[in-house]
There are 2 protein chains.
Amino acid sequence: MNLKQLAAELGLSPTTVSRALNGYPEVSEATRLRVAEAARHYNYRPNTQAKRLATGRAMAIGHIIPLSTRHEIVNPVFADFIAGAGEVYARAGYDMVLTIVPDSDEERAYREVHSKGNVDGIIVHGPKVHDARLPLLEELGLPFVVHGRSLGADPGYSWVDVNNTRAFERATGFLLDLGHRRIALVNGIETMDFAARRRHGFERALAARGLAADPALMVAGEMTEAQGHDAARDMLDLPDPPTAFLTASFLSAMGVRRALWERDMRMGRDVSIVTHDDELGYLRNGADEPIFTATRSSVREAGRRCAAMLLRRIETGAGAPESDLLEATLVVGASTGPAPRRSDLTD
Amino acid sequence: MNLKQLAAELGLSPTTVSRALNGYPEVSEATRLRVAEAARHYNYRPNTQAKRLATGRAMAIGHIIPLSTRHEIVNPVFADFIAGAGEVYARAGYDMVLTIVPDSDEERAYREVHSKGNVDGIIVHGPKVHDARLPLLEELGLPFVVHGRSLGADPGYSWVDVNNTRAFERATGFLLDLGHRRIALVNGIETMDFAARRRHGFERALAARGLAADPALMVAGEMTEAQGHDAARDMLDLPDPPTAFLTASFLSAMGVRRALWERDMRMGRDVSIVTHDDELGYLRNGADEPIFTATRSSVREAGRRCAAMLLRRIETGAGAPESDLLEATLVVGASTGPAPRRSDLTD
DNA sequence: TTGAAAGCGTTACCAA
DNA sequence: TTGGTAACGCTTTCAA
């Protein structure tokens with residue numbers, strides 16, 4: 001059933017039917033009702049392609065994922081973000097178009113998606129400290145919002161990010177308050193903006209107490225179980241091993257835990273772990289009270305906000321860049337001090 | 001630059017230019033070259049929407065993800081699958097359209113995506129033992145391929161699946177060979193087809209030795225770290241606790257390991273774990289030789305095959321249903337017997 | 001408040 | 001081998 005047929009059934013012109021369905025004011029209430037009724041009855045849905053061609057709007061948002069970036073697509077953060085963004089798109093009648101590209105083709109993919117005109121805007125995932133995509137998109141004039149930020153880029157782009165610097169600063173401060181002085185950082189790859197910021201936060205907290213970060217206690221790499229394990233194993237072999245670990249992901253924390261296990265050490269007794277991720281709800285304080293983070297659900301929230309921001313910009317024709325900084329909470333597993341409360345960490 | 005403008009530049013009709021660019025045979029080699037050259041020079045890309053409207057093909061494949069289904073979107077398996085499918089779509093010039101829907105709206109989403117005509121076919125994710133989506137899609141006449149299978153459905157649909165039954169049967173047999181008699185199964189939700197099959201495999205291996213599964217040693221639920229932990233903790237409290245665990249996911253295995261840790265038990269000495277997932281490369285046998293599975297990369301391969309099958313069906317106008325059964329390998333962490341070799345399991 | 005007609009950028013049919 | 005024209009299904013301008 002298409003518009004013409006529906007109009008014929010109603011004895012109206014396609015024009016009027018279109019107007020009635022799209023909420024134009026100049027159509028009488030009576031016809032609007034008749035039309036709506038008939039549309040429902042015949043289960044009429046306007047053809048997307050035709051609508052797109054006529055309006056010149058793709059009604060779709062692109063997400064371009066570099067293939068090799070295991071960091072992104074295989075990252076639970078990515079999935080949660082996509083879920084959040086997808087909710088918003090669905091409500092607004094937009095499609096979400098995912099494009100998987102080999103890294104080498106990334107630039108071509110952006111240009112192509114632009115000239116083919118099958119998306120109205122783009123979400124940039126996993127920004128690096130120095131990221132060639134932002135100037136490229138600026139040049140193309142394609143509306144975009146970055147999930148994250150890029151330290152090396154000209155400001156002036158729109159973004160939604162979590163406060164990684166402060167989160168890690170706070171977490172480090174928390175461990176310092178518990179008396180730890182040898183704190184290890186098991187970080188993500190530091191060409192990624194988020195990891196660079198986490199390291200800054202870590203170093204800032206140490207510096208605030210007049211401490212310098214020990215390079216032997218800092219490691220950066222793919223955030224896997226194996227990374228956490230190998231890093232912790234090696235560090236625990238040092239003459240002056242760490243008494244606490246700060247990790248950038250759940251998987252790394254799992255690996256650290258395995259290294260402790262292999263040495264018959266216990267979290268909270270011999271060592272503390274603080275990790276910036278969710279899923280660690282099971283780390284409990286002395287009162288068997290779960291201490292957890294909002295990371296996972298807040299990533300979904302970030303997805304929602306990112307998508308909403310982009311749609312707003314598209315529909316209002318962009319304008320001044322916008323930004324949105326979410327505060328992250330942290331998972332804490334440590335019981336050598338007083339049982340930490342969520343509120344200790346959230347502000 | 002659109003087709004008309006390009007044609008004008010060349011002094012040709014849009015028709016001819018279109019034919020030249022789309023490889024129709026009836027255009028002379030000379031003009032084909034001229035056109036190709038000009039297209040490159042002006043960086044011409046045909047407008048997707050117009051092409052779609054004219055051909056009646058959306059050049060897009062839909063993936064509909066129910067929102068609440070944490071099992072899917074947040075599942076690393078999902079991400080790997082998407083990555084594999086995305087590769088194939090990109091090569092074939094198709095878009096991948098992800099739709100996130102509240103569970104209650106799932107049927108409506110399928111109907112809508114169909115009547116709006118913005119996809120040419122659908123991949124069905126996470127089939128249940130009894131799944132209403134398959135008859136619905138059949139009724140709509142929308143081409144689809146299932147990632148997985150549905151025990152309760154009429155055969156006659158196309159699918160790509162991993163041999164879950166046999167994988168778990170083999171893993172169970174492996175533990176039995178090592179002498180274990182009390183084997184626990186920490187499974188996924190058993191209304192999901194894959195989990196039902198895994199359980200069948202488990203029970204079949206026991207039955208083959210004349211053993212019956214002990215209900216107290218079987219648990220099914222969300223495959224999280226917490227699930228694995230709680231299940232293992234409770235089972236280890238039984239008067240006759242398990243000596244081995246078979247888990248359906250990496251996260252569950254992590255939880256089982258934590259439960260062991262809390263009891264100062266060790267894998268390989270006190271207990272064995274076999275899990276159907278990747279990332280457990282770190283479970284090493286006595287010779288410190290990693291024993292690992294291909295699951296993760298094979299999920300990507302499944303994504304590729306699923307996508308390729310669907311595109312083939314769309315382009316050839318479907319026909320007899322097709323299927324593709326991949327053999328799964330398994331992660332094994334156990335050292336109470338002779339060091340297991342990968343080939344022992346892959347047979 | 002309604003309708004006729006043009007237009008969006010392609011492809012596809014029929015002539016030349 | 002090429003070109004003119006209709007068609008795809010909708011929106012939008014202009015008239016009535």
Side-chain angles (χ1 to χ4, degrees), chain A residues 1-36 38-39 42-60 93-95 112-120 315, chain B residues 1-36 38-39 42-60 93-95 112-120 315:
Chain A
M1 170 72 71
N2 64 24
L3 187 63
K4 205 163 137 192
Q5 297 169 322
L6 181 61
E9 292 290 339
L10 284 160
L12 287 170
S13 75
T15 311
T16 305
V17 176
S18 170
R19 280 198 277 242
L21 292 173
N22 291 300
Y24 281 65
E26 65 260 33
V27 56
S28 83
E29 207 46 41
T31 35
R32 188 189 304 287
L33 285 174
R34 266 184 68 218
V35 170
Y42 292 108
N43 195 30
Y44 166 76
R45 297 265 182 284
N47 178 289
T48 317
Q49 325 306 341
K51 193 165 194 155
R52 287 171 170 169
L53 183 57
T55 57
R57 297 184 37 192
M59 294 302 286
Y94 278 74
D95 280 346
E112 198 166 298
V113 97
H114 176 243
S115 48
K116 290 203 310 180
N118 48 180
V119 303
D120 298 317
E315 299 189 343
Chain B
M1 171 72 71
N2 64 24
L3 188 63
K4 206 163 136 191
Q5 296 170 321
L6 182 62
E9 292 290 340
L10 284 161
L12 287 170
S13 76
T15 312
T16 304
V17 176
S18 170
R19 280 198 277 242
L21 292 172
N22 290 299
Y24 281 65
E26 66 260 33
V27 55
S28 83
E29 207 46 43
T31 35
R32 187 187 303 288
L33 285 175
R34 265 185 70 217
V35 170
Y42 292 107
N43 194 30
Y44 166 77
R45 297 264 182 285
N47 178 290
T48 317
Q49 326 305 343
K51 193 166 194 155
R52 286 171 171 168
L53 182 58
T55 57
R57 297 183 37 192
M59 294 303 285
Y94 278 74
D95 280 347
E112 197 165 297
V113 96
H114 176 243
S115 48
K116 291 203 310 181
N118 50 178
V119 303
D120 298 317
E315 298 189 344

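In the text below, chain A, chain B and the rest are named by the order of the sequence lines, each starting its count at 1.
- Looking at every heavy atom in both residues, Leu21(A) comes nearest to Ala39(A) through CD2-CB, 4.0 Å.
- Side-chain atoms of Ser18(A) never come within 3.5 Å of backbone atoms of Pro14(A) as a donor-acceptor pair (strictly under, hydrogens ignored).
- Note that the two end axes of the helix from dT1(C)-dA16(D) to dA16(C)-dT1(D) enclose an angle of 40°, each drawn from 5 base pairs, rounded to 10 degrees.
- Within the structure, salt bridge (charged side-chain N to carboxylate O under 4.0 Å, His left out) contacts touching residues 13-26 of chain A (residues at least two apart or in different chains) are Arg19(A)-Glu26(A).
- Closest heavy-atom contact between Gln49(B) and Gly117(A): NE2-O, 2.7 Å.
- Not one side-chain nitrogen or oxygen of Thr16(A) sits closer than 4.0 Å to the OP1 or OP2 atom of dT2(C).
- At least one side-chain heavy atom of Leu10(B) sits less than 4.5 Å from a side-chain heavy atom of Val35(B).
- Residues Met59(B) and Asp95(B) have side chains not in contact (no heavy-atom distance under 4.5 Å, counting atoms from C-beta outward).
- As a whole-Å value, the separation of Leu12(A) CG from dT1(C) P is 14 Å.
- Nearest-nucleotide positions on DNA chain D for Ala50(B) and Gly11(B) put Gly11(B) closer to the 5' end.
- At dT10(C), none of the side-chain N or O atoms of Ser18(B) fall inside 4.0 Å of OP1 or OP2 (strictly under the cut-off).
- Counting to the nearest Å, the P atom of dT10(C) and the CE atom of Met59(B) are 15 Å from each other.
- Between the OG1 atom in Thr48(B) and the CZ atom in Arg52(A) there is a gap of 9.5 Å [rounded to 0.5 Å].
- Applying the side-chain hydrogen bond (donor to acceptor under 3.5 Å, both in side chains) definition to pairs two or more places apart or across chains, those involving residues 3-12 of chain A are Glu9(A)-Tyr42(A).
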Report each atom pair, protein N/O against N/O of nucleotides 5-7 of chain C, whose distance is under 3.5 angstrom.
unit_1, atom_1, unit_2, atom_2, d
dA5(C), N6, Thr15(A), OG1, 3.4

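- Rounded to the nearest 0.5 angstrom, Asn43(B) CG and His114(A) NE2 are separated by 10.5 Å.
- Proximity of Asn22(B) to the phosphate of dT11(C): a side-chain N or O atom is located under 4.0 Å from OP1 or OP2.
- Residue Tyr44(B) places at least one side-chain N or O closer than 4.0 Å to OP1 or OP2 of dT10(C).
- Here the closest non-hydrogen pair linking Asn22(B) and Lys51(B) is OD1-NZ, 3.8 Å.
- Put simply, Lys4(B) has no side-chain N or O that comes within less than 4.0 Å of OP1 or OP2 on dT10(C).
- Arg32(A) and Tyr24(A) share no side-chain donor-acceptor pair at under 3.5 Å.
- The distance from atom CZ of Arg19(A) to atom C1' of dA4(C) is 11 Å, rounded to the nearest whole Å.
- Atom-to-atom, CG of Asn2(B) to P of dT11(C) comes out at 12 Å; the value is rounded to the nearest Å.
- Going from atom OH of Tyr24(A) over to atom C1' of dT2(C) covers 15 Å, rounded to whole Å.
- Following rounding to the nearest Å, Gln49(B) (CD) and dT11(C) (C1') show an atom-to-atom distance of 15 Å.
- Between Tyr44(A) and Asn2(A), the closest heavy-atom pair is CE1-C, 3.6 Å.
- In the 5' to 3' direction, nucleotides of DNA chain D lying under 4.0 Å from heavy atoms of chain A begin and end at dG9(D) to dT13(D).
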Q: Verify side-chain contact (heavy atoms from CB on, under 4.5 Å) between Val17(B) and Leu3(B), making sure each step is shown before the conclusion.
A: CA-CA 7 Å; Val17(B) 176; Leu3(B) 188 63; 3.6 Å; yes
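- Ala7(A) and Ser13(A) make their closest contact through CB-C, 3.7 Å (heavy atoms, listed as atom of the first residue, atom of the second, distance).
- In this structure, Lys116(A) atom NZ and dG9(C) atom P are separated by 17 Å, rounded to whole Å.
- In the set dT10(C), dT2(C), dG9(C), the nucleotide with an atom closest to the side chain of Leu53(A) is dG9(C).
- Sorted by residue number, the members of residues 25-34 of chain A with any non-hydrogen atom under 4.0 Å from DNA chain C read Glu26(A), Val27(A), Ser28(A), Thr31(A).
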